[in-house]
Amino acid sequence: MKNYLKALSAALLTAVLCVGGVDAATASRRIDSTSCDTIYTNYYLFLDANEAAFYKKDKLSNITHVNAADFSNNSYQISNFDINNVGYGQVTINRNSGNSSDGITSWSLYDFYDYYFDVLNHNGAYTRGTNSYITHYNYYSYMTGTEEVGKGGLNLRNYPIRTLVNATLDANATITRQSNFLSTPFKLKIDRRYYGYLTDSPLDYNSKDYYLHPAVYYVQYCSSKPKEVKKYTVDYDGNGSNVTNVPGGEIIYDGDCTYISRKEPKREGYEFLGWSENHKDTTGDPDFDPGDKYCGEKGDIYLFAIWKEKEKPVDPIETYYHIYYRANTSDVVYGMPNDATVNTKEDTTISTLVPTRAGYEFLGWNPDVLATTPNSNYRGGSIYGDRKDITLFAVWKEKETTTPIIPDNPQTGITDYLVPFGGVVGASGLGLGVLKKKKFKQF
């Protein structure tokens, strides 16, 4: 039985207790029995002891005792319990009174020790019907003053229940969680505040007198009732021709909710607006949008896709701009660029052609017809990004001309000079000839 009860891991108890958040003994939660097929209760039994001398040093009501118990053994009889429906709390241990009417929240000391011995005889776990009883800690302490100096397991098998009851002090126990239930083992702290009087009937154990104090907490869980047959369906209709990607239908069972499919149908030329129970709905205000929650309020529903025809796209009107090139003269000009027509979506460049005109030099272009200098924004090859009509006028500069001087007599390269006495001087470098006056002999 012990191996059977420990078959499930400590993580199961972690999930159960985290749901309710057991933070202290006063915290409790009742299980919802209406949704349970069978309710199971686990009782976790603690028993520890201190030397009698510990209690005789002061008034009993002034003494508190704090113990920490680490444990990781957990047991469940079933694996399909509902983790969202868990009960938990602390069992009050009374000296004389019997069990509470629910058999959960209150035991007598006799009940405690009766279960305690049953658990010991079954190696730490004992099952009776749908209840399990588990010993999670069982130790005693040697006390010197207020210090705990040692601990060891109690072996009380040979003591009658009456003896154990007489050696039990009246105490209020508070159980507080010390560590996160995600850790294994997790830790519980048991605080005791004593009241009443010593019974003067301590337990003789290993030649020392001890007083005992038990504590119990419980966890309840249940196997859920089997689900009934289907309660409602959700079906989808494309509601048109050539519709694709229509979601499949769904069957939802009692107590469950569903979400309207996020899978949207497709139809060429139409926009999907949502789902309606009326196949003629064209209002654009659907009964359901994808992802809406539905819990069966209307029972079975058959949903039709609502469509809106898309507006057909209109082809954009193409526009153009022009660049006009003008010679800016009535003379004959060769090499003029052709006028350019360009789509307004695009930039263009100024023509790099250089026109020619007899007697003139082409300087460039200017949108001012009277300009005498070109505008650098419109030089050949530059980008024109204004994308609007423009007329560019050629700017000209008249070329300079030189007229040759033609002499009356052509030069021979020789300059003649008249020399006195009728001589002729030749400056051509061929020599100097002098014609001198001679006296002629008269006959």
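Atoms considered below: every heavy atom in the structure, side chains included; atoms not considered: hydrogens, waters and symmetry mates.
- Close placement of the F272 and W275 rings is indicated, their centers lying within 6.0 Å of each other.
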Using side chain to side chain contact (heavy atoms under 4.5 Å, CB included), reason through T38 and T130 one step at a time and then give a plain yes or no. CA-CA 8 Å; T38 304; T130 60; 3.8 Å; yes
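- In this structure, Y253 contributes its side chain and C257 its backbone to no donor-acceptor pair below 3.5 Å.
- Looking at Y334 and R357, their side chains never bring a donor and an acceptor atom within 3.5 Å of each other.
- For R128, the CZ atom sits in a packed shell: over 12 heavy atoms of surrounding residues, nucleotides or ligands are nearer than 6.0 Å.
- By the 4.5 Å heavy-atom criterion applied to side chains, V91 and S106 are not counted as neighbours.
- Heavy atoms only, all atoms of each residue included: S35 and N85 are closest at OG-ND2, 3.1 Å.
- Salt-bridge check for R326 with D339: passed, with a basic side-chain N closer than 4.0 Å to an acidic carboxylate O.
- Note that CE of M336 and CG of L353 are 9.5 Å apart. Values are rounded to the nearest 0.5 Å.
- For the residue pair D347 and G385, the shortest heavy atom distance occurs at OD1-CA, 3.4 Å.
- In this structure, the ring of Y115 has its center no less than 6.0 angstrom from the ring center of Y113.
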Stepwise, does the side chain to side chain donor-acceptor pair (under 3.5 Å) test hold for S382 with N377? CA-CA 7 Å; S382 62; N377 292 328; over 6 Å; no
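- Looking only at side-chain heavy atoms (C-beta outward), R267 and S241 come within less than 4.5 Å of each other.
- From F112, atom CZ reaches atom CG of N94 across 13.0 Å, with rounding to the nearest 0.5 Å.
- Here D37 does not pair with K225 in a salt bridge; the nearest charged N to carboxylate O distance is not below 4.0 Å.
- Expressed to the nearest 0.5 Å, how far OG of S261 lies from CG of N245 amounts to 8.5 Å.
- Applying the side-chain contact (heavy atoms from CB on, under 4.5 Å) criterion to K345, with sequence neighbours excluded, gives E318, N343.
- Proximity of the aromatic rings of Y194 and Y55 is defined here by a centroid distance below 6.0 angstrom, and this criterion is met.
- For Q220 (side chain) and I104 (main-chain N/O), no donor-acceptor pair under 3.5 Å exists by modelled atom type.
- Heavy-atom contacts from other residues, nucleotides or ligands closer than 6.0 Å to CG of N242 number 12 or fewer.
- Under the 4.0 Å criterion applied to side-chain N and carboxylate O atoms, D300 and K231 are not assigned as salt-bridge partners.
- Residue E400 holds its CD atom at 9.5 Å from CD of E398, rounded to the nearest 0.5 Å.
- Not counting sequence neighbours, D289 has no partner by the salt bridge (charged side-chain N to carboxylate O under 4.0 Å, His left out) test.
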Walk me through it: do E250 and T233 pass the test side chain to side chain contact (heavy atoms under 4.5 Å, CB included)? CA-CA 6 Å; E250 185 179 6; T233 61; over 6 Å; no
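- Nearest heavy-atom pair, R157 versus N121, reported as atom, atom and distance to 0.1 Å: NH1-OD1, 3.2 Å.
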I'd like to know whether E346 forms a salt bridge (charged side-chain N to carboxylate O under 4.0 Å, His left out) with R387, so could you lay out the CA-CA distance, the side-chain angles of the two residues, the decisive distance to 0.1 Å, and finally the verdict. CA-CA 7 Å; E346 302 171 354; R387 302 186 185 184; over 6 Å; no
Run Y110 and V165 through side chain to side chain contact (heavy atoms under 4.5 Å, CB included) and show every step you take. CA-CA 7 Å; Y110 289 92; V165 170; 4.1 Å; yes
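- A side-chain donor-acceptor contact under 3.5 Å links H322 and D389.
- For E311, the CD atom is loosely surrounded, since the number of other residues' heavy atoms within 6.0 Å does not exceed 12.
- Open room surrounds CZ on R30; 12 or fewer heavy atoms of other groups in view lie less than 6.0 Å from it.
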Run the side chain to side chain contact (heavy atoms under 4.5 Å, CB included) test on I350 and L392 for me, step by step, so that the C-alpha distance in whole Å, both residues' side-chain angles and the decisive distance to 0.1 Å come before the verdict. CA-CA 10 Å; I350 303 301; L392 298 178; 3.9 Å; yes
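- Between S61 atom OG and R193 atom CZ the span is 9.5 Å, to the nearest 0.5 Å.
- Ring geometry for W107 against Y133 counts as tilted: the plane angle lies between 30° and 60°, on a 0 to 90° scale.
- Closest approach of D235 and G249 over heavy atoms only: OD1-CA, 3.5 Å.
- In this structure the side chain of F393 never reaches within 4.5 angstrom of the side chain of L370, judged on heavy atoms.
- Separation of atoms CG (N155) and CG (N206) is listed at 9.0 Å; rounding is to 0.5 Å.
- At a cut-off of 3.5 Å, with distance as the only test, a side-chain donor of D287 or S276 sits close to an acceptor on the other residue.
- Side-chain atoms of L156 and Y116, non-hydrogen and from C-beta on, do get closer than 4.5 Å to each other.
- Side chains of S108 and D111: a donor on one and an acceptor on the other come within 3.5 Å.
- Across all their heavy atoms, Y232 and D256 have their closest contact at OH-O, 2.6 Å.
- Side-chain N/O atoms of T344 and T319 include a donor and acceptor closer than 3.5 Å.
- N366 contributes a side-chain N or O that, together with a main-chain N or O of D368, makes up a donor-acceptor pair within less than 3.5 Å.
- With contacts defined as side-chain heavy-atom distances shorter than 4.5 Å, the pair L109/I93 qualifies.
- Counted by atom type alone, T391 and Y325 present zero donor-acceptor pairs between their side chains at under 3.5 Å.
- By the 6.0 Å contact criterion, NZ on K263 is enclosed, its count of non-hydrogen atoms from other residues, nucleotides or ligands being greater than 12.
- No side-chain heavy atom of V216 sits under 4.5 Å from any side-chain heavy atom of F46.
- Within the cation-pi definition used here (under 6.0 Å to the ring centroid, within 45° of the axis), R379 does not qualify as a partner of W365.
- Below 30°, between 30° and 60°, or above 60°: for W396 and Y360 the angle between ring planes is above 60°, a perpendicular geometry.
- Closest approach of I39 to S33, counting heavy atoms only: CD1-CB, 3.5 Å.
- By the neighbour-count criterion of 12 heavy atoms within 6.0 Å, atom OH of Y259 is sparsely surrounded, having that number or fewer from other residues, nucleotides or ligands.
- Put simply, the side chain of N42 does not reach to within 4.5 Å of the side chain of Y218, judged on heavy atoms.
- Put simply, the side chain of D209 does not reach to within 4.5 Å of the side chain of E51, judged on heavy atoms.
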